[in-house]
Peer 1: 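The structure follows.
What you are looking at is a predicted structure, and each value in this text was computed from that prediction instead of being measured. This chain uses plain numbering: 1 for the first residue, then up along the sequence.
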Amino acid sequence: MSVKPAPTLSGQPAIVIAHRGASGNVVEHTLEAYQRGIDYGADFIEPDLVLTKDGVLVARHENEISGTTNVADKPEFADRKTKKSIDGRDYTGWFTEDFTLAELKTLRARERLPDVRPENMKYDGQFEIPTFEEVLKLLKAHEAKTGERIGVYPETKHPSYFSSIGLAHEEPMLALLKQYGFTDADDPVFIQSFEVGNLRALNAKTEIRLVQLVADQGGPFDLPGIRYTDMVMSNGLAEIAEYADGIGPSKNLVIPRHMSGRLENPTSLVSDAHKAGLVVHPWTFRIENIFLPTEFQGGDTASANGDIKAEINTFLATGIDGLFSDSPREASQAADQLLAE
């Protein structure tokens, strides 16, 4: 496949989004991970947002935190372990909405994928769970120091569930974004969600750009019977364009994989989305073999690093407008190299 890039929707270079920070290099969703993402050249950093019992937005991949913190080692919180059904799935563990911020601040982050990223385990126990405000302060401090404005790309996690327990994302998130200078479509900010209802609600409340996340299977929890694969058909994209500014598709929807693990030919998704006026930011580009197409793998183990730059270049050729990566250093290098050619 050719690596000559097709035009992005705006004609500007594709953006690099540090997925949960530089999560391939340090424990995800920590201030250190976000700072590394900035240092490694990302244009945006991406915090997943959940809420505490006292209504504070914090950055965690999920509200169930047994796999990303040391909460199970804390005897004072043993009685908080519980079972819950969230978005139709049953979970057992500890949940952010059952803790105050002060209590969460006594915990420390742990590597979520220790078998894949054993090197990151050396950071276990070093970092707090950051609030969304602390993430925004980090961006402001970087801007004040360097004059460079890095964007933020928050995801609302399980918005229907949190709304059902009286802890909706929208108001506190928009208030903080406004406080730190992110208010309209010209600011470097996108808000993303796998659900539809909260994006429609946000569209009525803000000029901030919105992105509909779409997986390669299943559908939005708040729209039973609707499949993501239908949403990326031409009529589905037109409907998304009524309330959002872009899509964040699984990269398999942009370039599928053959059963052998190799990439097949690109679909028409990028050009179809562009025709609907939508930017396309696929996820997630990771450097380890276990995540890479067969032709870009290297080394002998699933956790060994492969040629992520070659994979990214292949996707940039489709005209994508940006990409999420756990390895923003390599992603930025790939984007910069292609731009220079």
Side-chain angles (χ1 to χ4, degrees), residues 1-17 19 43-44 46 153 190 192 194 209 211-219 227-241 244-298 306-328 330-341:
M1 283 179 275
S2 171
V3 295
K4 184 178 180 181
T8 61
L9 181 62
S10 67
Q12 298 300 308
I15 61 171
V16 172
I17 305 144
H19 186 241
D43 302 293
F44 287 74
E46 188 240 12
Y153 207 126
F190 293 89
Q192 56 177 327
F194 278 105
R209 291 169 292 178
V211 170
Q212 176 69 63
L213 296 173
V214 286
D216 56 3
Q217 54 187 316
R227 299 185 59 80
Y228 288 125
T229 49
D230 294 328
M231 295 176 70
V232 296
M233 298 295 103
S234 294
N235 57 340
L237 292 169
E239 290 185 17
I240 291 173
D245 304 275
I247 58 171
S250 162
K251 60 185 182 181
N252 293 336
L253 293 171
V254 177
I255 306 180
R257 290 195 196 183
H258 186 266
M259 60 186 302
S260 67
R262 297 181 65 85
L263 291 180
E264 297 185 324
N265 291 321
T267 69
S268 63
L269 177 58
V270 176
S271 60
D272 291 344
H274 284 176
K275 289 176 184 176
L278 298 166
V279 296
V280 182
H281 299 158
W283 47 270
T284 302
F285 293 85
R286 297 179 165 117
I287 200 168
E288 296 88 2
N289 282 337
I290 192 172
F291 302 117
L292 285 166
T294 305
E295 64 266 41
F296 301 131
Q297 294 176 8
D307 193 351
I308 187 177
K309 294 181 185 178
E311 182 195 22
I312 288 172
N313 284 339
T314 304
F315 277 80
L316 287 172
T318 68
I320 60 173
D321 304 277
L323 59 100
F324 292 85
S325 180
D326 290 5
S327 299
E330 289 78 9
S332 297
Q333 289 170 350
D336 289 345
Q337 179 180 354
L338 201 61
L339 185 63
E341 292 178 354

Peer 1: Are the side chains of Glu239 and Met233 in touch, meaning some heavy atoms are under 4.5 Å apart?
Peer 2: no

Peer 1: Does the ring centre of Tyr153 sit less than 6.0 Å away from the ring centre of Trp283?
Peer 2: no

Peer 1: Are Phe315 and Val270 side-chain neighbours, meaning at least one heavy-atom pair lies under 4.5 Å?
Peer 2: no

Peer 1: Locate the shortest heavy-atom distance separating His281 from Phe190; write the atom from each residue and the value.
Peer 2: CE1-CZ, 3.8 Å

Peer 1: Can you name the closest pair of heavy atoms from Val254 and Pro282 and give their distance?
Peer 2: CG2-CB, 4.2 Å

Peer 1: Under 3.5 Å, is there a donor on one side chain and an acceptor on the other for Gln212 and Gln192?
Peer 2: no

Peer 1: Could you walk me through whether Arg286 and Leu292 satisfy the side chain to side chain contact (heavy atoms under 4.5 Å, CB included) test, starting with their C-alpha distance in whole Å, then the side-chain angles of each, then the deciding distance to 0.1 Å, before giving a yes or no?
Peer 2: CA-CA 7 Å; Arg286 297 179 165 117; Leu292 285 166; over 6 Å; no

Peer 1: Any side-chain heavy-atom pair from Pro256 and Glu264 closer than 4.5 angstrom?
Peer 2: yes

Peer 1: Do Leu323 and Leu316 come within less than 4.5 Å of each other through their side chains, counting heavy atoms only?
Peer 2: yes

Peer 1: Just how far is it from atom OG1 of Thr318 to atom NZ of Lys251, taken to the nearest 0.5 Å?
Peer 2: 12.5 Å

Peer 1: If you round to the nearest 0.5 Å, how far is OG1 of Thr294 from CG of Asn289?
Peer 2: 9.5 Å

Peer 1: So, do Ile308 and Glu288 sit near enough that their side-chain heavy atoms are less than 4.5 Å apart?
Peer 2: no

Peer 1: Hey, what do you get for CD1 (Ile15) to CG (Asp321), rounding to the nearest 0.5 Å?
Peer 2: 8.0 Å

Peer 1: Tell me if the aromatic rings of Phe324 and Phe285 count as close, with their centers under 6.0 Å from one another.
Peer 2: no

Peer 1: Would you name the heavy atoms of Leu237 and Ile247 that are closest together and state the gap between them?
Peer 2: CD2-CD1, 4.1 Å

Peer 1: Could you pull out the closest heavy-atom pair between Ala14 and Asp43, with the gap in Å?
Peer 2: O-OD2, 4.3 Å

